[in-house]
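Please read the structure below before turning to the comments.
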Amino acid sequence: MNRREFARLLAIGGAAPFVSPKAAWARVSDLPPTPASPDEKFWTAVRDQFVMPKDLAMLNAANLCPSSAPVLETMYKFTKDMDQDPSFDNRAKLGDGREATRKLLADFLRVTPEEIVITRNTSESNNLVSTGIDLKAGDEVLLTADNHPSNHAAWQEKAKRFGFTVKDVPVPNPHPGAQYYVDAFTKMITPKTKVISFTHLTSTVGDLFPAKELCKLARDRGILSLVDGAQTFGLMDVDLSDIQPDFYSGSAHKWPCGPKENGVLYINKASQSKIWASIFSAYPGRVGVSKTFEGFGQRDEPAMIAFGEALNFQTKIGRAQIEKRSRELTQALIAGLKKVDGVKIWTSPDPARTVAVLSFQPGNLDVRKLSVALYQKDHIGCATRGGQDRPGIRLSPHFYNTMADVDRTVAAIKKYMATGV
Ligand SMILES: Cc1ncc(COP(=O)(O)O)c(C=O)c1O
C-alpha cells in the first residue's frame with residue numbers, strides 16, 4: 001500500500017460513524033447457569049457468547065482463541081472511560097482493576113497474588129525466566145526437544161551468551177507415557193543441572209507432560225523448574241499448589257479467551273530470591289513479586305482488566321467442565337478421524353497423555369492446500385505443520401465448539417481424503 005492509499009484508508013476510517021460494540025453485534029442472551037450435566041444446548045448457548053459467525057468452526061485454540069462478548073465489552077468500556085478522561089485521578093481505578101485481575105489469576109491458578117506477574121504473553125514470561133536466572137559456564141539446563149522457540153531457541157541463545165549448556169530430553173512419538181519422561185529426566189540430570197524447562201502440553205502434537213512429577217524430581221534435587229503452560233492455562237483445571245513449579249507461564253489470548261498481549265508468569269514464593277528482574281521502569285504492580293518484576297512502564301490496563309473478565313467467564317462456566325468438554329470434543333475428533341482411511345493420528349487417545357490438541361497426517365494430501373480448502377470452502381479454521389517431523393493438520397477444540405463442528409470437520413476431511421484437494 002502506498003502513502004496515498006494509506007491516507008485514503010485513514011480518511012475512510014475517520015468518516016465512519018463510531019459504533020459501540022453492543023450496537024455492532026447482537027448477543028443472543030446472557031450466559032445461562034451451568035447445569036449439573038451440561039448438554040449440547042448449554043454449549044450452544046456458550047457458543048452464542050462469542051461474536052464469530054455461526055458457520056465458522058474455529059478449531060485452533062492452541063494458536064489464538066476469540067474473546068467472548070463480555071470480555072470485548074469490558075475492554076471497550078474501560079478503554080472508552082480512559083480515553084474520555086486520561087487524568088491520573090480517573091485512571092486510579094484502572095490500577096485497582098489490574099490488581100483485581102492479579103487476584104483472579106492467583107485464584108485461577110490456586111496460588112497467591114504475591115506470586116503473580118502480569119506479562120505480555122508466554123514468550124515474554126519464558127524469556128524473563130531464562131534471562132533472570134544466574135547461570136554460568138559449567139551449568140546445564142534440561143529441556144524437552146518439543147518446546148516452543150520461546151522456551152527452546154531462547155535458552156540456546158542465552159547459553160551462547162552466558163556459557164551454560166543446554167540438553168534436550170528426546171520426545172518420541174507416540175507418547176510413551178508419563179513414566180518414560182520421569183525416567184528420561186532422571187537419567188539426564190547431573191550434578192551440573194540447574195534448571196529443567198518443559199512444555200506442559202505440546203503445541204505440536206498435544207503430548208501431555210507429567211508436570212507434578214517432573215517438578216518434584218527437580219525440587220528434590222535443588223533444580224529450578226519452568227513449566228510452559230501456554231497450552232494448559234485456560235484449558236486444564238491447572239492447580240499450581242499441587243504441581244509446585246518454580247515458574248509457570250501462560251498467555252491470555254490462547255485458551256483463557258482473553259485479550260491479546262496479556263500473559264502470566266507465576267513465580268513461586270520460594271524461588272523469588274533466585275531470579276533477577278530484567279526490566280526496570282515505572283508503574284509496577286502493588287503486591288509481592290510484581291512490585292519488582294512488573295515495572296514494565298505504561299500498560300494497557302483496560303486489556304488487563306478484560307483479562308480478569310475472561311477468567312471470570314471461565315470460572316462462571318466451571319473450569320473442570322471446560323476441560324471435560326474440550327477433552328470430549330477431542331476424543332470425538334479422534335474417533336471420527338480413526339475411521340477415515342489413510343489418516344495417521346500423531347496424538348495419543350489416552351486421556352493421561354493428551355488433552356485437546358490433536359495432530360494428524362492426512363495421507364498424501366498437501367496440508368497447506370487442505371487447510372486453505374477447509375477454511376475457504378468449509379469454514380473450518382485449523383493449523384498446519386510442514387516438514388518431515390510429524391507433519392499434518394492440528395485441531396484444537398475448545399468450549400465454544402459444538403459437536404456439530406466436530407461432525408462437520410470429520411466429514412470434510414473424509415471428503416478431501418476421497419476426492420483430493
Ligand atoms: C507451548 C508454547 N509456548 C509458548 C508459546 C508462545 O505463546 P505467545 O505467542 O502467546 O507468547 C506458544 C504459542 O503457540 C506455545 O504453544
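Just follow the structure's listing: the first ligand is 1, and inside any ligand the first atom is 1.
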> Which residue pairs pass the ring pair (Phe, Tyr, Trp, His ring centres under 6.0 Å) test with at least one member in residues 168-196, sequence neighbours excluded?
Replying inline: H175-Y181, Y181-F209
> Between K136 and D139, is there a side-chain N and carboxylate O pair less than 4.0 Å apart?
Replying inline: yes
> E124 to ligand 1: N or O pair under 3.5 Å?
Replying inline: no
> At what distance is the nearest protein heavy atom to atom 10 (O) of ligand 1, and which residue and atom is it?
Replying inline: S251 OG, 2.6 Å
> For atom 3 (N) of ligand 1, which protein heavy atom lies nearest, and how many Å away is it?
Replying inline: D228 OD2, 2.6 Å
> Would one find more than 12 heavy atoms of other residues, nucleotides or ligands at under 6.0 Å from atom CG of D242?
Replying inline: yes
>> Heavy-atom count check: over 12 atoms from other residues, nucleotides or ligands less than 6.0 Å from Y375 OH?
In response: no
Which of the ligand 1 atoms, numbered from 1, are nearer than 4.0 Å to a heavy atom of [X]:
| X | value |
| --- | --- |
| S203 | 16 (O) |
| S150 | 4 (C) |
| T199 | 1 (C) |

Pick one of side chain, backbone, both or neither for how [X] approaches ligand 1, counting any non-hydrogen atom pair under 4.0 Å.
| X | answer |
| --- | --- |
| S123 | both |
| T122 | both |
| Q231 | side chain |

>> Under the criterion side-chain contact (heavy atoms from CB on, under 4.5 Å), I'd like the reasoning laid out for L31 against Q49: C-alpha separation, chi angles, the key distance, then a yes or no.
In response: CA-CA 7 Å; L31 182 66; Q49 299 288 307; 3.9 Å; yes
> Going by the angle between their ring planes, with limits at 30° and 60°, are H398 and Y400 parallel, tilted or perpendicular?
Replying inline: perpendicular
Could you pull out all donor-acceptor pairs under 3.5 Å where a side-chain atom in residues 302-315 meets a protein atom, sequence neighbours excluded?
residue, atom, partner, partner atom, Å
Q314, NE2, G234, O, 3.1
Q314, NE2, W255, O, 2.9
T315, OG1, L311, O, 2.7

>> Heavy atom to atom 14 (O) of ligand 1, shortest distance: which of H253, K254, H148 holds it?
In response: K254
